[in-house]
Amino acid sequence: MPPASLAPSAPAPSFAAAPDPVAPVDPGLELENLDEEGPRLGGTPRGQAANAAVLALSRACRSFVLYDPTNEAIRKFLSNLQTKMQAALEGFGDLTLVVRPFELLLEQEVIYLERDRERSLAFRLYKDGVRKLQIDSRVTWAELLKLLEVMSVRTSVSAAQEDDLITLLRKSSFHYIHFEAAESYKLDDGSAEGGSAMVGTAVARSHIEAPHDWDQPLPEFGAPVLLVWRPVPDEILASLRAEVASGALASLCAQVMVGLVDAVADPTDPMTLEELLPMASEVRDFLLLQGDAEGLSLLVEATRRVDDGPAIAALFGTPQVFRRILDLILRREGHAALEYHLLPSFPALVVDAALARLKDNLDGSGTPTLLGLLRRFSPHCPEPVLTAAAQGEPALVHALLDIIEQTLPAHLSDLSISLLSRSEPEVLRDALRILRTQPHGPALANHLLPLLRSPAADVRQGAVDLLCKVGNSDTYKSLELQLMSRGASRDFGPDEAEATGQAMARIQPEAARTLFVDWLRPKRLLSRIVAVTVPPMRLRAAVAGLGVLPGDEGEAVLRELLPKADEDLRRAIFSALARRRNRGVKNG
Amino acid sequence: MDDLQAAQEQLSHALDMARVGEDPGLRKRVREDGEAFFRLFTGLLRMTRVHNLDNHAFDQPCSDVSALINSLHELLGAVHLVLVEDQVYLNEIRVRRDRRDDDGRSIEDELKRHNVGGISFHSHIFPSQIKRLVSALAAKADPSQPRTALAAALAEAGVPGIELSGIYRFVNVGEEAGSFQPERARDVAEHTVHAVEDFWDALASERVQNALPGRRVVTELLDVSRDAGGLLAEPEGSTAHAAHALRVCQLALLIGRSLGMDEGELQDLGLAALFHDAGYAAHEGAVPARGGQPAQPGYAPPYERHTTAGARLLLRQKGFSEAKIRRVLAALEHHRDATDPRAKPSLFARILRITEDYDNLIRVGTGTPRQPLSPAEALARMARHAGDRYDAALFQVLVNRLGRFPPGTLLQLADGRVVRSLTLVRSPETFDRPLTAVMRDAQGQIPAELTYVDLTEEGQVTRVLRRLVVG
């Protein structure tokens with residue numbers, strides 16, 4: 001039976017159907033082909049299965065040199081390891097491998113051979129002292145993964161100073177993976193010459209000594225107490241052991257930083273903050289990796305006790321750090337000290353990090369939080385927000401305009417005007433919406449005129465609406481031209497036509513009256529067949545324009561037109577007349 | 001999230017963590033310089049087969065080897081080159097070798113002729129001395145005492161400061177477990193104090209710290225103490241602080257083992273114990289020579305500041321590691337009470353507080369005038385403070401291991417004999433009845449031969465003695 005715990009919970013992906021290999025981290029590195037079988041070794045079925053399993057392990061270890069761990073290619077390597085290891089263990093039981101410098105042996109049978117030191121799994125094991133590796137058939141996927149983790153760390157990371165492979169294997173406390181190791185070396189007992197031979201005596205070992213009164217004075221002690229053997233309950237032993245579990249490390253990190261900062265704060269102690277900062281940075285990175293907001297908060301608070309400027313900036317004032325802190329906050333794992341004590345010190349970093357995240361994923365679940373941060377910090381750091389609003393994707397612009405409206409209203413008008421040079425209708429709509437509420441001068445007209453060529457009717461109409469307020473003779477001409485050139489096109493609808501007519505009437509009433517009356521009451525005989533020669537939308541513009549113009553002539557012209565107008569035009573005329581009545585448009 | 005996705009996340013996190021722990025300085029430089037040194041040194045030995053040593057072709061490589069050794073010496077202190085089977089280590093850090101350099105006859109073969117498996121350079125060396133060293137190694141080996149003869153030849157040639165060690169072999173895990181071997185115990189104790197002394201020297205000289213030798217000796221201590229039954233005696237000639245570190249470390253490991261710590265945790269604890277007093281290696285107020293002003297050597301920090309001084313030195317080791325954090329914290333807190341109002345000290349610090357005080361009472365004593373206490377009295381006096389100075393549970397764990405008469409305690413028996421306690425507690429029932437060795441017979445004479453008294457079988461303790469009265 002296969003070890004149930006090793007069986008994949010999801011069907012193993014089909015390699016044949018797998019997508020194209022994903023790009024490696026470093027394209028310059030050689031790609032390893034998963035489908036390539038590698039050196040086929042093992043003359044027996046058992047040996048062949050072991051060979052496949054070991055090759056899968058070797059490739060999975062090396063894969064982290066080539067790929068980011070989250071890469072899809074890594075998934076394929078892991079799946080392959082799972083499948084091949086399962087097949088070997090299921091079919092043939094425990095895998096007991098003797099490690100030689102370049103070979104792995106399964107009961108005298110060479111099942112792995114790789115002479116390239118950089119690629120060789122055997123060499124990697126051997127050089128770190130492993131001489132025998134046994135994988136029990138009951139091994140769990142979790143343990144196999146841990147083995148891979150340990151070996152990958154040794155392969156991919158140059159070398160952690162303290163933890164060699166043997167230490168890492170020991171620390172893993174495997175149940176189903178066993179190893180034998182050459183852990184240290186010693187002088188061979190066979191030597192007849194005794195210990196080492198020192199040349200010369202002038203350089204005999206001499207060492208630094210502790211001061212003569214070291215560790216003194218000792219505290220005073222009372223009278224002796226009769227000692228007796230007392231069992232220490234298991235639960236107490238367990239709770240003591242739990243203090244050295246890795247999970248407790250984050251709080252120890254915070255504790256050590258607090259203790260060291262105490263020394264920095266002590267004027268009699270020569271410890272300086274500069275000496276402490278490298279370690280504080282290491283602790284910070286660890287806490288960030290662990291996602292330990294509370295630990296980070298303690299680190300912030302401890303550092304602030306002795307320095308609120310350069311040290312905090314050195315530790316936390318980088319974009320990389322802030323991106324990770326933002327991750328914590330977005331996962332709702334933030335901590336009050338971070339949000340209320342650290343973030344205000346670096347508004348620009350908060351804003352940059354939040355904007356970067358919003359650009360990547362505006363519809364994510366963290367968006368409200370990000371927008372909240374921007375709302376909070378944009379007054380202290382407006383430029384990046386304004387720049388992002390001016391240059392961002394339409395949805396981002398939309399979101400940021402809301403924030404700017406609330407927190408940076410003084411910038412709103414200029415920003416919106418600058419947005420009029422964009423081409424996206426969504427952006428233009430937002431800009432026009434805001435500009436409708438803002439005070440502005442005649443210069444705005446020049447920014448609005450190009451919008452008359454927008455393919456979006458509502459944008460054109462929005463621009464016309466605004467031009468109503470800021471237009472001049474040039475604007476009037478542009479609107480007239482718009483009517484003349486686009487008035488017959490299909491995308492020029494009645495609303496736009498009416499808005500244009502009304503705008504022209506408001507900008508230059510006399511010129512508009514002359515023009516519109518001419519369109520609706522032609523003086524020349526030929527032109528009297530007005531309904532045929534003037535395009536319908538131009539008529540609608542003229543009707544709407546006359547509707548807002550003072551004086552009786554306009555109303556008279558409209559009433560004269562009624563009998564000749566078609567249904568749509570007649571409705572437009574009634575609307576215009578009603579508007580005149582409602583607004584008291586008569587003599588101005 | 002499926003298995004594979006979870007696996008990817010786990011591996012990603014593990015690799016990130018490992019990268020945080022990297023020390024980009026030490027290993028890289030030792031490896032690079034070490035490889036270059038080994039390659040050049042091998043090349044020099046090979047050249048002796050085809051060139052006379054007067055040939056100028058030797059000049060540049062000798063100069064390069066000298067520069068590399070001297071540079072490594074600045075970095076590490078004494079430079080130890082060790083060849084074990086087909087591996088090469090420089091100060092415990094494995095160095096890559098290029099087999100193409102062996103040219104049919106490996107450097108091991110060259111050295112083995114002289115019964116040499118390792119060379120230590122204890123001081124700077126000049127290019128001319130390198131040439132003489134190579135010359136001596138290339139010469140015919142003495143048939144009877146090759147290594148001793150080589151050392152003599154080097155002394156005669158004016159190449160001091162070099163230590164030649166014998167042939168090494170790998171020791172497999174557990175290979176030497178199972179029976180107590182006094183010789184091995186002595187070696188391990190010696191390695192341990194040397195590791196502490198070297199570490200202190202490195203700290204005092206502001207050289208790069210390498211915790212690896214310390215970790216190796218702790219592993220050895222764990223192996224040998226498993227079967228020791230008692231505590232290892234410090235080797236003669238060791239510095240007082242290193243001997244203290246050895247004792248504190250052994251006691252701490254006793255407690256750690258009783259708690260059920262795993263091997264990795266015990267190693268971390270052992271290292272923290274070995275280096276807990278490292279602060280005394282600091283030189284406060286030291287000023288280098290500058291602008292015609294002479295250097296000022298500085299002074300060791302006083303008792304009150306040695307803990308922070310230790311932490312300050314230990315935190316200079318680059319790269320994040322769990323062990324380092326625990327070590328720094330232990331150095332920082334190991335004199336704090338278990339009930340310290342600032343914060344409860346870390347577990348390692350609480351263990352070291354107990355073991356440190358115990359050893360200090362035996363070493364220095366208390367009261368006026370100060371007199372070293374016997375181990376039994378030290379432990380009994382400390383017992384009054386279990387629960388305030390000392391973590392009560394940890395203290396009881398140690399008591400349960402050391403017994404009423406801890407190893408080293410001198411006892412007067414009812415028949416007049418004086419014995420010294422040798423063993424740890426063998427069972428709860430024999431808590432106050434250790435195996436002992438007779439130091440004085442009933443007539444007050446030193447016995448002619450070593451005699452043991454197992455108090456479970458005979459002997460009635462009437463008194464605990466602080467010291468043997470001479471005569």
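This is a predicted model, so every value here is computed, not measured. Numbers restart at 1 for each chain; the letters A, B, ... are given by sequence-line order, proteins then strands.
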Where does B:Leu379 contact chain A at under 4.5 Å (heavy atoms): side chain, backbone, both or neither?
both
Does A:Val244 reach the side chain of B:Arg326, with side-chain heavy atoms less than 4.5 Å apart?
yes
Please flag which part of A:Met271 lies under 4.5 Å from any non-hydrogen atom of chain B: side chain, backbone, both or neither.
both
Can you tell me which of A:Ile236, A:Ile74, A:Leu240 forms the most heavy-atom pairs within a distance under 4.5 Å of chain B?
A:Leu240
For A:Gly222 and B:Arg384, which heavy atoms make the closest approach, and how far apart are they?
CA-CD, 3.9 Å
Given B:Ile325 and A:Met279, is the side-chain contact (heavy atoms from CB on, under 4.5 Å) satisfied, shown in steps?
CA-CA 9 Å; B:Ile325 291 292; A:Met279 182 164 166; 3.4 Å; yes
Under 4.5 Å, counting heavy-atom pairs only, tell me which of B:Asp262, B:Val399, B:Val328 racks up the most with chain A.
B:Val328
For a 4.5 angstrom cut-off between non-hydrogen side-chain atoms, does A:Trp141 reach B:Leu4?
yes
Winner by heavy-atom pair count (cut-off under 4.5 Å) against chain A, out of B:Arg342, B:His306, B:His241, B:Glu429
B:His241
B:Arg363, CZ: over 12 other non-hydrogen atoms inside 6.0 angstrom
yes
Please examine the side chains of B:Leu11 and A:Leu78, heavy atoms only from C-beta on, and report whether any two atoms are closer than 4.5 Å.
yes
If one checks every heavy atom of B:Leu332 against chain A at 4.5 Å, the contacting part turns out to be side chain
On a heavy-atom basis, which atom in B:Ser346 and which in A:Leu252 lie closest, and how many Å separate them?
CB-CD2, 4.1 Å
Below 4.5 Å from any heavy atom of chain A, which atoms of B:Phe348 appear? Answer side chain, backbone, both or neither.
side chain
As an exercise: rank A:Ala263, A:Pro211, A:Pro101 by heavy-atom pairs under 4.5 Å with chain B and give me the winner.
A:Pro211
Between B:Val397 and A:Leu237, does the side-chain contact (heavy atoms from CB on, under 4.5 Å) criterion hold? Intermediate values first, please.
CA-CA 9 Å; B:Val397 164; A:Leu237 294 178; 4.0 Å; yes
Heavy-atom closest contact (B:Thr366 atom, A:Glu220 atom, distance)
OG1-OE1, 3.7 Å
Top contributor to chain B contacts, counting heavy-atom pairs under 4.5 Å, from A:Leu276, A:Thr268, A:Asp213:
A:Thr268
Basic-acidic side-chain contact under 4.0 Å: A:Glu243, B:Arg350
yes
Measure B:Ala300 against the heavy atoms of chain A and call it side chain, backbone, both or neither at under 4.5 Å.
side chain
Ring-face cation of A:Arg230 near B:Phe431 (centre distance under 6.0 Å, axis angle within 45°)
no
As an exercise: rank B:Ala311, B:Gly260, B:Ala204 by heavy-atom pairs under 4.5 Å with chain A and give me the winner.
B:Gly260
Of the listed residues (B:Leu373, B:Leu259, B:Leu269, B:Asp391), which shares the most heavy-atom pairs with chain A below a 4.5 Å separation?
B:Leu259
Chain A: which of B:Leu347, B:Asp432, B:Asp187, B:Thr307 shares the most heavy-atom pairs with it under 4.5 Å?
B:Leu347
Under 4.5 Å heavy-atom distance to chain A, tell me which part of B:Glu356 shows up: side chain, backbone, both or neither.
side chain
Min side-chain heavy-atom separation B:Phe320-A:Asp285 under 4.5 Å
no
Could you tell me if the side chain of B:Tyr303 sits less than 4.5 Å from the side chain of A:Gln216, heavy atoms only?
no
Side chains of A:Leu260 and B:Thr308, heavy atoms from C-beta outward: is any pair under 4.5 Å?
no
Taking all non-hydrogen atoms of both residues into account, name the closest pair between B:Tyr280 and A:Asp215 and its distance.
OH-N, 2.6 Å
Students often mix this up, so state it plainly: with edges at 30° and 60°, are the rings of B:His244 and A:Trp214 parallel, tilted or perpendicular?
perpendicular
Given that the side chain runs from C-beta out, which part of A:Val228 has a heavy atom under 4.5 Å from chain B: side chain, backbone, both or neither?
both
Check: B:Glu333 and A:Val256 side chains under 4.5 Å, non-hydrogen atoms
no
Might you point out which heavy atoms bring A:Gln255 and B:Lys344 nearest each other, and give the distance in Å?
NE2-O, 3.0 Å
Name the region of A:Leu145, side chain, backbone, both or neither, that has any atom closer than 4.5 Å to a heavy atom of chain B.
both
Under 4.5 Å heavy-atom distance to chain A, tell me which part of B:Pro302 shows up: side chain, backbone, both or neither.
neither
Quick check: do A:Phe221 and B:Glu377 have side-chain heavy atoms less than 4.5 Å from each other?
no
Under the side-chain contact (heavy atoms from CB on, under 4.5 Å) criterion, do B:Leu203 and A:Ile208 qualify, and how do the steps go?
CA-CA 10 Å; B:Leu203 292 177; A:Ile208 186 164; over 6 Å; no
Side chain, backbone, both or neither: which part of A:Pro233 has an atom under 4.5 Å from a heavy atom of chain B?
neither
Which atoms form the tightest heavy-atom contact between A:Leu227 and B:Gly403, and what is the distance?
CD1-O, 4.2 Å
Salt bridge (charged side-chain N to carboxylate O under 4.0 Å, His left out) for B:Lys324 and A:Glu282? Distances and angles first, verdict last.
CA-CA 11 Å; B:Lys324 185 175 89 173; A:Glu282 293 165 8; 2.7 Å; yes
